[in-house]
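One structure is given below, encoded as structure tokens.
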Amino acid sequence: MLWRAGLVLLLCWGSTGELRHQPRDSPEREDPTSKLQADSASVSTRQQRSPPPVEPLDFGFVPSGVYDTHAYYEPGAIGVLFHMVHAFLYVVQPNPFPKDLIVKVIQQNMGGIKLEDYRKGLSNNVVSVLLQTIYYEAGFLLCVSLGCVFLVLTPVVGLCFCVCRCCENCGGEMHQRQGKNPDCQRGFYTAALITTSIFITTGVLIAHAANHNITSQIKSTRRFISTNMRDLKTFANNTPAQIDHLTAQYTTAKNKVLSDLDNIGPLLGGRIQTQLEKEVVPSLDTALRMAGALRESKEALESVSSSLDVLHEGTSRLALRLTYERTSLSNTLSDPACTNGAVSRTCNNIRITLPQLGINSNFSGLPDVSPQLASLEIALKTDLSNILQKGYSSFNDTPRLVQQQTKNVVAGVKAMLDKIGVEIIGFSKMFPVEASLANFTIFLSQGQKNMEAYYPQIDQMDFYRWIGCVAVLCSVVLVLTFNFLGLLCGTCGYDKQATPTTRGCLSNTGGNLLMAGVGFSFIFAWVLMGLVSAGFVVGGNIEKLFCEPLANRQLFKIIDTPYMVHPAKKNFLPGMLFQNPNINLTVGSMYRDCYDNNGLYHALQLETMFNINTFLKTTVFNKDLVKVFDSVSIDLQSIVLLEQDGRDNLLTFSNAGIGDINYAAYLAEVNKGVTLVDLLSFSNELEAQADLLPRGALENALKGHASSIRQIHREQVVPMEQAMVNPHPDSTLSQSIRLLQRTAKELPVKVTNVLSAIDEAEYLITHNASRVVKQERDVYMQSLVGYFRQYTDWVKNSLTGEVSQCKPISNIIDSMEIVTCSFIVDSVNTFWFGLGGCCVFLVPSIILSVKLAKYYRRMDTEDVFEE
């Protein structure tokens, strides 16, 4: 009943057979991603980039139920008896499972062999099968033969024994002859009979334990039925929710794709911008540096012009003061005091140095920079930096352009994704899975009620069976009772001093009880052996031909043998379930998958009926979706990196004549000193010469001139030197000249290179951007497809291992094995094993009881010896 219920559940999925006409991999179906792969392959190796990793999506956990059935049985202490029976059956039947023989027999009887082959080899096959069967059943046949001999001989021997004793033969004569060591013989027979009775008692206990185990395990069978039914209901109730979860999780992938579509500007446009900025940004940066050089050059020219004006003015004033100071010092040296001997030599030395008080630099001869400055001022009327910032802004506006130009495409894709979601949900509702499973649940509930209605009848039948087995055991117990009472009475009433004719009543009663046991042994032994033989043949063969191969799954190999049922039907299970025997589905593979708690879709290989991979490819990876993305066209021609005013500005800068300035003349004048001699050194030397003179007006006058020269140096020479060569301010003449010299070096070539780089970048944007757009569009589409691929892979994995986990089906098979083999067959085999032992030991019990009764019964006559 449970197996039938399981098959009904499996057939609920057979509704997918309506799609059987769809090929598993239709050749005319084009993989929607193939075009994308072909396009990606056409991109040059230099530009190919590995797609960015796709963000993993969380689809949650598939709702799953907890199955209550634990298809495991530990027999406990009685398991030792089961192992003994298994060992005995192995000794009787050590041959391996006759798979080929059974297959041959089934094929001959079911038509699995072709008709012409069957006719040709019928007689040979029958003889061969018969010989193989006899060889396999040799052990059973031998034991059954012995049982039949016992069954026939026991009543015959009993009858003959009774007749013989009635004729006062076979120990029937109430006369005991005196033998040697009678006490020894009596003791031996007593001990042997006790041992035999103990063995018989053990057999009774074994049989009774097996009998009781059947009754107790029948109650456990109800638990298996209840838990298996509950698991099937759990299976049926969870399956619709699991399917709904699979279809609902399409929204997770769709929402992620919609999020990326809403951000197509930053994502796709950003990647396009990243690819183009390798050429664009360096050219704009160079142009921006050139704009900075233009401002610096204008500032340097202004510094040179102002410095020249300052130096011209300062040089004129310095020349006047030096001339005045030189004239005044010459007049002082004309004093009569300078004519004296030693004084005159000092005055002459000072007079010789007077020509050194003069101007060394001549800035009036330097070329004027006003024309260059005027050209740069004209160029700076156009803000080149602002123009370049517009170029930056225009290029950085690429994501917005992509977002704006793909607005219609994004809207179309969103509508298409919604349509795909509706198709998936509609497909999941196409098959009446939920209704079928609801009906199946009702069927299970009704079936369980029907089975529970039979429980009282089963209990009653089991009670009758238990009573019958107990009655059978009571016949053996009756014999044991006579044996033990006879031994008790005979042993207690035995008197060594009494002669055989004068034995007491108690001793005589013991002997009579032993003979009663012998009589009942003859009455019941052959009946018991008949029961044992029948149980042995049936139970032993069920154990060897059903239970053992079911435990090691050899039985599945018979069912899964190709073409066993019909020469045109390869596999039995798919032929029964799907009417398609060519599907490579076997009972063994289905059981293994269900035992591992895999999904029913994988266990029944429903992909052969409905390939979810093909469905998802044609639905989720829609060709129209690929076409929509292929039609994406992004126009970047509106991006302008450098306007014409900016170009004219750069050309004006390069033609401003900065390179025509005589920088060598400027640097030569700057490197000269302002005066012919260092005025501080001159003043110090003048003071030293004055100190050599006698104190007086001449000395004071010379020191006054030294002080005036120092003042000239401090007030006029030092500012002029700072204006020329001070390394700190940027407006000094020396630094300005050097800056202009560096800027003017190959200035036209630099400007030409900058303009060429910008032209190349703009050409790349306006003419070659389509290649970059196509490449990044394909990468972007791959990321979107990656989300759907995650969804489809998750659906396939979930269908394989999480949806409709078919553990209840393997539990049903395992429960059938436990109930049939462990509960019933093992117990039945143990019952006949114990009862058979009793039958075997009844034979020595009969012999020993007859022998021992002679020593307990009162004899009519006895041997008398006269001295």
Side-chain angles (χ1 to χ4, degrees), residues 150-151 153-176 182 185-205 207-208 469-495 498 500-532 834-862:
F150 186 93
L151 181 66
L153 291 182
T154 301
V156 174
V157 170
L159 180 60
C160 294
F161 181 73
C162 291
V163 173
C164 185
R165 286 184 68 85
C166 289
C167 297
E168 295 186 352
N169 294 315
C170 304
E173 181 184 6
M174 299 300 290
H175 176 81
Q176 185 175 12
Q185 292 180 4
R186 181 180 58 82
F188 169 75
Y189 292 142
T190 301
L193 182 58
I194 292 174
T195 303
T196 303
S197 299
I198 290 174
F199 279 115
I200 296 174
T201 304
T202 303
V204 170
L205 294 176
H208 179 70
C469 292
V470 169
V472 170
L473 294 178
C474 284
S475 64
V476 182
V477 172
L478 180 62
V479 175
L480 288 174
T481 302
F482 285 130
N483 284 352
F484 284 117
L485 288 177
L487 287 170
L488 179 63
C489 293
T491 303
C492 293
Y494 182 75
D495 185 4
T501 57
T502 61
R503 289 172 181 161
C505 181
L506 186 61
S507 176
N508 186 55
T509 301
N512 292 334
L513 288 173
L514 290 176
M515 292 307 298
V518 171
F520 281 108
S521 297
F522 279 117
I523 293 173
F524 296 125
W526 66 277
V527 178
L528 297 178
M529 182 53 72
L531 294 176
V532 170
L835 193 60
C838 294
C839 293
V840 171
F841 284 102
L842 280 178
V843 175
S845 174
I846 292 173
I847 298 172
L848 293 172
S849 296
V850 172
K851 291 288 187 181
L852 189 59
K854 275 285 188 179
Y855 293 95
Y856 295 146
R857 296 180 70 188
R858 185 183 299 120
M859 299 290 106
D860 293 337
T861 61
E862 61 178 326

Q: Using the test side-chain contact (heavy atoms from CB on, under 4.5 Å), find all partners of Leu485 that sit at least two apart in sequence or belong to another chain.
A: Thr481, Leu513
For a quick test of your reading: what N or O donor-acceptor pairs under 3.5 Å do the side chains of residues 191-204 make, sequence neighbours left out?
residue, atom, partner, partner atom, Å
Thr195, OG1, Ala191, O, 2.9
Thr196, OG1, Ala192, O, 2.8
Ser197, OG, Leu193, O, 2.8
Thr201, OG1, Ser197, O, 2.7
Thr202, OG1, Ile198, O, 2.9

(Q) Minimum heavy-atom separation for Pro155 and Trp526, please, with both atom names. (A) CD-CB, 3.6 Å
For a quick test of your reading: what N or O donor-acceptor pairs under 3.5 Å do the side chains of residues 839-846 make, sequence neighbours left out?
residue, atom, partner, partner atom, Å
Ser845, OG, Asn483, ND2, 3.0

**Q.** Closest heavy-atom pair and its distance - Ser507, Gly493
**A.** CB-O, 3.3 Å
Q. Residues in side-chain contact (heavy atoms from CB on, under 4.5 Å) with Leu488, at least two apart?
A. Cys492
**Q.** Contacts of type ring-ring contact (aromatic ring centres under 6.0 Å, His included), residue Phe522, not counting sequence neighbours
**A.** Phe161
**Q.** Set of side-chain contact (heavy atoms from CB on, under 4.5 Å) partners for Val470, sequence neighbours left out
**A.** Asn211, Trp466, Cys474
Q) Which value, rounded to the nearest 0.5 Å, describes the distance between Leu528 atom CG and Ser521 atom OG? A) 9.5 Å
Q: With rounding to the nearest 0.5 Å, note down the distance linking CG in Leu852 to CD in Gln185.
A: 11.0 Å
Q: Could you pull out all residues at least two apart from Thr154 that satisfy side chain to side chain donor-acceptor pair (under 3.5 Å)?
A: none
Q. Are Asn512 and Asn508 close enough that some pair of their side-chain heavy atoms sits under 4.5 Å apart?
A. yes
(Q) Between Leu473 and Leu835, does the side-chain contact (heavy atoms from CB on, under 4.5 Å) criterion hold? Intermediate values first, please. (A) CA-CA 8 Å; Leu473 294 178; Leu835 193 60; 4.0 Å; yes
Q: Please work out whether the ring planes of Tyr189 and Tyr855 are parallel, tilted or perpendicular, with thresholds of 30° and 60°.
A: tilted
Q: Could you list the residues that satisfy ring-ring contact (aromatic ring centres under 6.0 Å, His included) with Tyr856, not counting sequence neighbours?
A: none
